[in-house]
Amino acid sequence: MTAPSVEQTEAQQQTIGSHSPIAVVLHWGFIGVFAYAITKQIDELDELEDFSLLQNEMIFASVFLALLFARFLYMRLTRPTVLPSDTPRIEMLMAQSVHLGMYTSLAMIAVTGLVIGGMYWSGIKDGTGMHVALVAHEFFLQVSYLLIFLHVSAAIYHRRKGDGIWSAMVPYFWKEGSRSQRT
């Protein structure tokens with residue numbers, strides 16, 4: 001497969017379009033928020049005995065959920081997709097499924113975290129309910145990893161394909177053709 005010329009890439013990007021700078025910041029900023037959440041996660045449930053940690057976890061999960069919801073609304077109301085209208089239906093369905101799946105799984109991580117925190121705060125520290133909440137929390141985390149992997153794989157596929165989709169959501173210095181345009 002040969003790489004498309006700068007002219008081909010620019011023509012494709014004009015027909016494909018690009019997300020707004022706000023959408024790009026929300027996309028990449030949310031990656032940072034999610035990475036922070038993963039690095040700060042607790043290791044053992046009994047760490048929630050520390051009330052300030054429990055409170056911080058509950059606040060963080062609430063803010064995470066609010067940011068995710070705001071991002072979802074912004075993307076739905078502005079430009080839900082940059083895929084051209086002639087995109088094969090199966091590709092369109094796969095893209096929509098992965099995106100909605102990521103929103104859902106990420107939201108459910110926060111929701112189950114809030115349920116776990118609420119149960120712990122209420123004195124329910126074990127039992128079937130807590131076990132179900134913990135399993136659900138871990139399940140949605142693993143699903144989100146899978147969907148993020150699929151999303152990144154699709155982005156790399158479009159980058160290699162050179163169809164302009166990659167450039168719709170990356171910073172300028174990663175856009176297709178940006179290296180050759182600078183030299």
Side-chain angles (χ1 to χ4, degrees), residues 18-83 94-156 165-175:
S18 185
H19 283 293
S20 70
I22 293 170
V24 174
V25 168
L26 287 172
H27 180 265
W28 292 95
F30 205 82
I31 291 169
V33 171
F34 184 68
Y36 174 74
I38 297 303
T39 61
K40 70 172 259 348
Q41 68 186 342
I42 64 170
D43 296 320
E44 297 296 328
L45 189 60
D46 61 359
E47 291 179 48
L48 296 178
E49 288 290 333
D50 177 354
F51 182 73
S52 64
L53 177 64
L54 174 60
Q55 186 178 25
N56 287 340
E57 290 292 317
M58 299 287 282
I59 291 169
F60 183 81
S62 298
V63 170
F64 182 90
L65 200 53
L67 288 172
L68 183 65
F69 185 68
R71 182 178 188 271
F72 176 79
L73 283 179
Y74 179 82
M75 295 304 291
R76 288 286 163 228
L77 296 174
T78 58
R79 188 171 185 153
T81 185
V82 292
L83 293 173
M94 287 178 4
Q96 290 172 343
S97 297
V98 168
H99 281 97
L100 288 174
M102 283 192 299
Y103 280 115
T104 302
S105 64
L106 291 170
M108 290 308 296
I109 292 168
V111 167
T112 56
L114 288 168
V115 168
I116 292 164
M119 290 173 71
Y120 205 88
W121 180 74
S122 298
I124 304 168
K125 299 176 181 180
D126 54 14
T128 304
M130 182 60 84
H131 179 74
V132 168
L134 289 168
V135 168
H137 190 69
E138 182 64 26
F139 171 77
F140 288 115
L141 182 63
Q142 296 303 319
V143 168
S144 72
Y145 289 157
L146 172 64
L147 293 171
I148 290 167
F149 172 78
L150 291 173
H151 181 70
V152 170
S153 296
I156 293 168
I165 300 296
W166 167 275
S167 291
M169 196 51 113
V170 296
Y172 170 76
F173 56 89
W174 279 350
K175 290 192 183 295

**Message:** Can you tell me how far apart CG (Leu45) and OH (Tyr120) are? Round to the nearest 0.5 Å.
**Reply:** 5.5 Å
**Message:** Tell me every residue that passes salt bridge (charged side-chain N to carboxylate O under 4.0 Å, His left out) with Glu47, counting only those two or more places apart in sequence or in another chain.
**Reply:** none
**Request:** Find out whether Phe30 and Leu106 are in side-chain contact, i.e. whether some heavy atom of one side chain is under 4.5 Å from a heavy atom of the other.
**Result:** yes
**Request:** Could you list the residues that satisfy side-chain hydrogen bond (donor to acceptor under 3.5 Å, both in side chains) with Ser105, not counting sequence neighbours?
**Result:** none
**Message:** Could you tell me if the side chain of Phe34 sits less than 4.5 Å from the side chain of Ile148, heavy atoms only?
**Reply:** yes
**Fill in**
Smallest heavy-atom separation, Val98 atom then Leu147 atom, equals CG1-O, 3.7 Å
Can I get a per-line list of side-chain donor-acceptor pairs under 3.5 Å for residues 64-73, giving both atom names and the distance, sequence neighbours left out?
{"unit_1": "Arg71", "atom_1": "NH1", "unit_2": "Tyr103", "atom_2": "OH", "d": "2.8"}

**Message:** Just to verify, what does Met119 make a side-chain contact (heavy atoms from CB on, under 4.5 Å) with, not counting sequence neighbours?
**Reply:** Val115, Ile124, Met130, Ala133
**Message:** Walk me through whether Lys40 and Phe60 qualify under side-chain contact (heavy atoms from CB on, under 4.5 Å).
**Reply:** CA-CA 10 Å; Lys40 70 172 259 348; Phe60 183 81; 4.1 Å; yes
**Complete:** dist Met102:CE -> Ser97:OG (nearest 0.5 Å) comes out at 11.0 Å
**Side-chain donor/acceptor of Ser144 to backbone N/O of Leu141, under 3.5 Å** = yes
**Request:** Applying side-chain contact (heavy atoms from CB on, under 4.5 Å), run through His27 and Ile31 and close with a yes or a no.
**Result:** CA-CA 7 Å; His27 180 265; Ile31 291 169; 3.9 Å; yes
**Message:** Can you give me the closest heavy-atom contact between Ile38 and Gln41, atom names plus distance?
**Reply:** O-CG, 3.2 Å
**Item:** side-chain hydrogen bond (donor to acceptor under 3.5 Å, both in side chains) partners for Thr128, two or more places apart
**Value:** none
**Item:** Parallel, tilted or perpendicular: rings of His99 and His151 (30°, 60°)
**Value:** perpendicular
**Asked** What pairs of residues pass the salt bridge (charged side-chain N to carboxylate O under 4.0 Å, His left out) test when at least one of them lies in residues 124-152, not counting sequence neighbours?
**Response** Glu49-Lys125
**Complete:** One should read off an interatomic distance between Met58 CE and Asn56 CG, to the nearest 0.5 angstrom, of 11.5 Å
**Prompt:** What distance separates Ile109 CD1 from Phe139 CZ, expressed to the nearest 0.5 Å?
**Reply:** 11.0 Å
**Request:** Supply the atom-to-atom distance Leu114 CG to Ile59 CD1, rounded to the nearest 0.5 angstrom.
**Result:** 11.0 Å
**Minimum side-chain heavy-atom gap Val143-Thr104 below 4.5 Å** = no
